[in-house]
Number of protein chains: 2
Amino acid sequence: MNEAVVLTSERILEVTEDVLRRYGLAKATVVDVARALDVSHGSVYRHFPSKASLREAVAKRWLERVSAPLAQIAAEPGPAPVKLERWLRELFDAKHKRVCEDPEMFATYLTLAREACTVVKAHKQDLIAQVEGIITEGVAQGAFDVADPKTAAAAIFDATRSFHHPAHADEWADCTCSTRVDAVLTLLLRGLAAR
Amino acid sequence: MNEAVVLTSERILEVTEDVLRRYGLAKATVVDVARALDVSHGSVYRHFPSKASLREAVAKRWLERVSAPLAQIAAEPGPAPVKLERWLRELFDAKHKRVCEDPEMFATYLTLAREACTVVKAHKQDLIAQVEGIITEGVAQGAFDVADPKTAAAAIFDATRSFHHPAHADEWADCTCSTRVDAVLTLLLRGLAAR
DNA sequence: GCGCTGACAGATTTCAATATCTGTCAGCGC
DNA sequence: GCGCTGACAGATATTGAAATCTGTCAGCGC
């Protein structure tokens with residue numbers, strides 16, 4: 001198991017994800033992580049000052065895996081309305097896929113995210129900033145008409161919570177969900193559009 | 001305590017709410033309710049087949065107290081856009097007030113509502129039907145332009161979840177909340193408006 | 001007859017003893 | 001010196017026995 005590999009924070013995080021996957025959030029202990037790494041649990045505390053900070057780091061990795069592909073979409077050229085819709089649908093798809101493919105892991109992520117609320121807030125700010133960028137672009141293109149892109153971005157984020165906030169995950173399997181997504185997106189894009 | 005009053009379902013519900021308020025959801029037992037009513041707990045089971053059904057009935061009462069004033073607004077005459085905004089703000093205010101004034105009771109209500117999901121679904125359907133009514137009116141007035149009022153009503157409901165779904169209650173105290181409400185309402189009303 | 005009582009069985013919760021975990025640190029070995 | 005170990009104290013979780021609760025029902029009293 002050990003492979004004589006140096007013990008880096010990165011390696012600890014990878015193994016921690018494995019342990020979380022195998023044991024579940026409630027039962028996964030620092031001792032389990034250390035055992036999987038074939039070191040004493042004291043060594044883990046050399047890289048992370050507490051169990052909470054280790055969990056936070058795991059949460060951060062997960063959230064970065066969500067925002068990275070979105071940032072890519074936000075950076076592409078093209079008409080803002082199309083891009084915004086693509087961006088939002090990508091966000092919803094990413095979340096929906098996660099909960100469908102591995103609901104147990106999603107529950108773990110959800111609890112973890114609740115704890116690491118600083119990290120989650122930063123993630124939200126990051127996503128809203130991306131939306132703001134797209135909206136600003138849309139205003140420049142003459143496609144959108146909004147007073148304040150920052151406020152509008154927050155509003156878009158708030159108005160789509162049903163489809164990206166984990167609290168509503170139990171509705172995502174519903175067959176009417178895709179219709180509801182369409183309806184909300186239509187409404188919001190009409191609301192942003194210059195006339 | 002007893003007052004020799006006949007034991008009706010209504011009286012049981014009132015006292016049950018008292019007991020919930022005093023003991024909290026987790027600790028309130030059917031025996032507590034019976035004791036407060038000065039009867040044996042067997043008598044309570046004459047009116048409600050189970051503890052779950054008693055809780056469900058309490059939840060139903062609570063939800064009816066939310067929807068009744070809204071139904072009144074929906075029934076009033078006047079321009080649909082104004083009415084819709086008033087209706088939504090009334091919904092948000094009702095919820096926000098509850099959570100601010102008595103957060104503990106709100107937590108009780110929240111857990112109860114999770115259990116009584118049939119009752120909650122019916123409540124949601126009721127609210128969406130009210131919105132649908134307002135939208136249909138707005139279309140008739142020429143103020144709104146929507147393909148399908150039912151779908152649009154559901155979309156309005158989905159898009160305002162941040163401000164009425166209890167899962168987001170912890171954000172309602174935030175000072176930016178009122179700005180965010182304004183932003184979302186502006187966006188949605190623009191989205192519905194005929195041009 | 002009709003509604004209430006109170007004892008009962010099985011399910012659930014509580015509580016305290018026990019075990020495990022978190023976070024620290026002196027000291028070992030490379 | 002530097003990083004790791006493993007023993008330790010205090011905090012947290014687990015466990016199983018005892019207490020309480022849910023839901024039923026035969027029988028009492030109006």
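Each chain gets a letter, A, B and so on, in the order the sequences are listed, and its residues count up from 1.
Contact annotation for Ser43(B): base contact, defined as any heavy-atom pair under 4.0 Å involving a base atom. When heavy atoms are screened at a 4.0 angstrom cut-off, Val31(A) is found touching base atoms of the nucleic acid.
A salt bridge is absent between Arg98(B) and Asp93(B): the closest approach of a Lys/Arg side-chain nitrogen to an acidic carboxylate oxygen does not fall below 4.0 angstrom. Ionic pairing of Asp145(B) and Arg190(A) is present here: one or more N-O contacts between side-chain nitrogen and carboxylate oxygen are shorter than 4.0 angstrom. One finds a salt bridge joining Arg161(B) and Asp158(B) here, because a Lys/Arg side-chain nitrogen approaches an Asp/Glu carboxylate oxygen to under 4.0 Å. Using a cutoff of 4.0 Å between basic side-chain nitrogens and carboxylate oxygens, Glu85(B) and Arg89(B) are scored as salt-bridged.
For the pairing with Glu17(A), the salt bridge (charged side-chain N to carboxylate O under 4.0 Å, His left out) check across Arg55(A), Arg65(A), Arg22(A), Arg11(A) returns one residue only, Arg65(A). Checking each of Glu137(A), Glu76(A), Glu90(A) against Lys83(A) for a salt bridge (charged side-chain N to carboxylate O under 4.0 Å, His left out) leaves exactly one that passes, namely Glu137(A).
You'll find that the side chain of Ser50(A) is closest to dG23(C), out of dC4(D), dG23(C), dG3(C). Nearest nucleotide to the side chain of His47(B), out of dC4(C), dG23(C), dT22(D): dC4(C). Nearest nucleotide to the Val39(B) side chain, out of dT22(D), dT5(C), dC4(C): dT5(C).
Place Arg35(A) and Pro49(A) on DNA chain C by their nearest nucleotides, and Arg35(A) ends up nearer the 5' end. Nearest-nucleotide positions on DNA chain D place Ala28(B) closer to the 5' end than the other of Arg46(B) and Ala28(B). In terms of position along DNA chain C, the nucleotide closest to Ser40(B) lies nearer the 5' end than the nucleotide closest to the other residue of the pair Ser40(B) and Ala52(A).
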Applying the Watson-Crick and G-U criteria (both distances under 3.5 angstrom) with [ ] for crossing and | for other-strand pairs, one obtains for DNA chain C ||||||||||||||||||||||||||||||
Donor-acceptor pairs are to be reported for all side-chain atoms of residues 117-125 of chain B against protein atoms at under 3.5 Å, with residues two or more places apart or in another chain.
| from | atom 1 | to | atom 2 | distance (Å) |
| --- | --- | --- | --- | --- |
| Lys124(B) | NZ | Glu171(A) | OE2 | 3.3 |

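For Asp32(B) and dT13(C), the CG to P distance is 14 Å, given to the nearest whole Å. Residue Tyr45(B) contributes atom OH, which lies 18 Å from atom P of dC8(C) at whole-angstrom precision.
Applying the 3.5 Å distance criterion, the base of dG23(D) shares a donor-acceptor pair with the side chain of His41(B).
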